[in-house]
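Inspection log for the structure reproduced underneath, given as structure tokens.
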Amino acid sequence: MIPCLNKKLFGVDCLGCGTQRALLLILKGNFSGAFHQFPAIYTTLLLFGVLGLHFIDKGRNYHKIIVSLAIINAIIMIVSYIYKMTH
């Protein structure tokens with residue numbers, strides 16, 4: 001796995017810490033473990049899926065969906081990061 005540069009340099013997790021481990025847990029079928037590792041994993045995957053559709057299907061406008069998913073994803077990441085740092 002790719003080490004977190006932020007954690008290596010400063011000793012503190014970044015907002016994306018746990019993404020790789022959560023993705024591996026999903027691939028192994030451990031969906032609840034993936035959520036506990038990185039709560040924004042499902043919204044992140046959905047965001048990347050819609051981004052892929054945006055590049056493949058040029059006939060439709062996915063801008064509002066992409067912006068909405070990015071905002072929701074950012075909120076989940078920030079809230080879970082604050083929770084992880086305080087508990």
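The figures here come from the full heavy-atom set of this structure, side chains too, leaving out hydrogens, waters and symmetry mates.
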Listing, residues 35-47 side-chain donor-acceptor contacts under 3.5 Å, not counting sequence neighbours, or none:
unit_1, atom_1, unit_2, atom_2, d
Tyr42, OH, Phe31, O, 2.7
Thr43, OG1, Ala40, O, 3.1
Thr43, OG1, Asn73, OD1, 2.6
Thr44, OG1, Ala40, O, 2.6
Thr44, OG1, Asn73, OD1, 3.1
Thr44, OG1, Asn73, ND2, 3.2

Asn61 and His54, any side-chain heavy atoms less than 4.5 Å apart: no
Minimal non-hydrogen separation, Ile26 against Ala34, with atom names: CG1-CB, 3.5 Å
Co-membership, hydrophobic cluster, residues Ile76 and Leu51, 4.5 Å side-chain: no
Under a 3.5 Å distance rule, please check whether His87 uses its side chain to pair with a backbone N or O of Tyr83 as donor and acceptor. yes
Would Leu53 end up clustered with Ile65 when hydrophobic side chains under 4.5 Å apart are linked, directly or stepwise? yes
If two hydrophobic side chains count as joined below 4.5 Å and joins carry through other members, does Val12 share a cluster with Leu9? no
Value rounded to 0.5 Å, distance of CD1 in Ile82 from CE in Met77: 12.0 Å
From Leu25 atom CG to Ser32 atom OG, the distance as rounded to the nearest 0.5 Å: 9.0 Å
Please give the remaining members of the hydrophobic cluster of Val67, linking ILVMFWY side chains under 4.5 Å, ordered by chain and number. Ile71, Ile75, Val79
For Asp57, check side chain to side chain donor-acceptor pair (under 3.5 Å) against everything at least two apart and list the hits. Tyr62
Contact check, side chains of Lys84 and Asp13, non-hydrogen atoms, under 4.5 Å: yes
Working to the nearest 0.5 angstrom, can you tell me the gap between Thr86 OG1 and Tyr81 OH? 11.0 Å
How close do Lys8 and Pro3 get, counting heavy atoms only, and between which atoms? NZ-CG, 4.1 Å
For the student: nearest non-hydrogen atoms of Ile2 and Gln20, plus distance: O-NE2, 2.9 Å
Report the distance from atom NZ of Lys7 to atom SG of Cys14, rounding to the nearest 0.5 Å. 9.0 Å
